[in-house]
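Only one structure is covered here, and it is reproduced in the block below.
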Amino acid sequence: LQPGAVLTRVASSHLRVGTFQFFAARGEVDKLQILTAYALNRHDPDLASAGNPALALLRAVGQRQASLIARWMAVGFVHGVMNTDNMTISGETIDYGPCAFLDTYDPRTVFSSIDQQGRYAYANQPGIARWNLARLAEALLPLIDADEARAIDLATVEIDAFIGWYQTAFLARMGEKLGLAGAADTVLVDDLFAAMAGQGVDFTRFFRLLAAAPQDAGAAGALFSDPSAFTDWLPGWRALSPDPDAMNQANPLYIPRNHLVEAALEAATAGDLAPFETLLGVVSHPFTPQPGRDAFAIGAPSGFGPYRTFCGT
């Protein structure tokens with residue numbers, strides 16, 4: 001026998017895109033109507049009396065998901081299994097068993113053992129969220145308009161708006177990470193990520209060390225195998241007068257690093273919960289330096305190798 005546990009999910013609801021697809025696939029428009037009314041009353045009561053409630057729900061879900069994915073991307077979080085049954089109407093993160101955080105920045109990063117094609121890679125997450133939103137739109141078409149062609153036209157406007165919603169949210173998060181008074185400029189962000197690509201840069205550590213870079217960029221630059229592109233990027237950023245204190249409030253010092261998670265799991269399997277409890281305590285205060293916890297702020301040892309995660313763990 002193996003020891004077990006009961007895990008309880010907590011969310012404002014467990015309605016997902018897949019919930020709507022279920023009734024749509026069965027052609028149960030009456031139940032789809034009931035579900036939509038319930039979702040609006042629970043999550044968007046101010047939209048329940050909208051002229052087109054189903055379309056209003058589609059827009060609200062898209063905007064919430066755009067904001068959520070922007071927050072994932074800003075901290076280097078890879079969900080791992082973004083199917084429609086794991087996309088909530090509430091805009092919360094659920095069903096992320098094979099998730100992990102980036103160590104080295106690589107937009108192609110995949111952790112889930114079942115994602116052989118990289119569908120849910122780090123850089124693909126905004127596009128997958130938009131794809132999921134399109135599936136919600138398909139399910140809602142009979143409620144958006146009785147004329148299917150008109151319903152498709154109306155829904156397509158919302159789906160096409162998703163990337164703009166996401167970009168606005170992401171640039172706002174990047175403005176915070178870069179210590180700017182407002183949203184970051186697209187070119188500034190794109191150039192930074194281009195400089196980081198292929199350089200073996202520790203994603204979390206870099207942004208934390210960048211807070212010192214208005215005066216001294218040595219520590220941040222040392223993370224690059226070739227810092228020349230980063231050095232070229234620096235003057236434009238420095239000219240914007242970044243706020244180091246604000247950066248330290250936006251960039252975590254501690255995340256649940258993959259090698260530490262594995263060590264905690266291994267110890268817990270052997271009956272020792274102390275490493276798990278310590279790790280949980282550290283990451284519960286991610287922005288605040290904690291004496292004696294330097295090992296929790298650095299990447300995996302060189303022998304750790306490629307990391308893979310599995311559904312159900």
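The first residue in the sequence is number 1, and the count goes up from there. Below, all heavy atoms of this structure are taken into account, side chains as well, without hydrogens, waters or symmetry copies.
A parallel orientation is assigned to the rings of Tyr166 and Phe162, their planes being inclined by less than 30° (bins at 30° and 60°). Between Tyr105 and Phe193, the ring-plane angle classifies as tilted under the 30° and 60° cut-offs.
Counting only heavy atoms from C-beta outward, the side chains of Asp160 and Arg130 approach each other to under 4.5 Å. A heavy-atom distance below 4.5 Å is found between the side chains of Ser67 and Arg71. Within the 4.5 Å cutoff, no side-chain heavy atoms of Gln199 are placed close to those of Phe230. Between Thr278 and Phe296, the closest side-chain pair of non-hydrogen atoms falls below 4.5 Å. In this structure, the side chains of Leu240 and Leu178 stay at 4.5 Å or more apart for every pair of heavy atoms. Side-chain contact between Arg208 and Pro289 is present, with heavy atoms from C-beta onward closer than 4.5 Å. Taking 4.5 Å as the limit, some side-chain heavy atom of Met174 sits within range of a side-chain heavy atom of Phe207. Side-chain contact between Trp237 and Leu192 is absent, with no heavy-atom pair separated by less than 4.5 Å.
Shown here is His14, whose NE2 atom has more than 12 heavy atoms of other residues, nucleotides or ligands within 6.0 Å. More than 12 heavy-atom neighbours from other residues, nucleotides or ligands sit within 6.0 angstrom of CD on Glu28. By the neighbour-count criterion of 12 heavy atoms within 6.0 Å, atom CD of Glu148 is sparsely surrounded, having that number or fewer from other residues, nucleotides or ligands. Shown here is Arg150, whose CZ atom has no more than 12 heavy atoms of other residues, nucleotides or ligands within 6.0 Å.
At a threshold of 4.5 Å between side-chain heavy atoms, the hydrophobic network of Ile, Leu, Val, Met, Phe, Trp and Tyr places Ile298 and Leu260 in two separate groups. Grouping the Ile, Leu, Val, Met, Phe, Trp and Tyr side chains by contacts below 4.5 angstrom, directly or via other members, places Leu55 apart from Ile34. Both Ile144 and Phe23 are part of a single hydrophobic cluster, where members link through side-chain heavy atoms under 4.5 Å apart. Tracing side-chain contacts under 4.5 Å through hydrophobic residues (I, L, V, M, F, W, Y), one reaches Leu47 starting from Val17; they form part of the same cluster. Tracing side-chain contacts under 4.5 Å through hydrophobic residues (I, L, V, M, F, W, Y), one never reaches Phe101 starting from Ile94; they form parts of separate clusters.
Here the OG1-CD1 distance, from Thr204 to Ile255, works out to 3.5 Å after rounding to the nearest 0.5 Å. To the nearest 0.5 Å, atom CD1 of residue Ile89 and atom CD of residue Gln65 are 8.0 Å apart.
Taking the salt bridge (charged side-chain N to carboxylate O under 4.0 Å, His left out) definition, one finds that Arg293 meets it with nothing, sequence neighbours left out. Residues that satisfy the salt bridge (charged side-chain N to carboxylate O under 4.0 Å, His left out) test with Arg257, not counting sequence neighbours, are Asp103, Asp202. Under the salt bridge (charged side-chain N to carboxylate O under 4.0 Å, His left out) criterion, Asp85 pairs with Arg16, not counting sequence neighbours.
For Tyr120 and Phe111, the gap between ring centers reaches or exceeds 6.0 Å.
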- Quick one: do Thr104 and Asp106 satisfy side-chain hydrogen bond (donor to acceptor under 3.5 Å, both in side chains)? Show the steps, please. CA-CA 6 Å; Thr104 299; Asp106 183 341; over 6 Å; no
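Using modelled atom types and a 3.5 Å distance limit, the side chains of Tyr307 and Glu262 yield a donor-acceptor pair.
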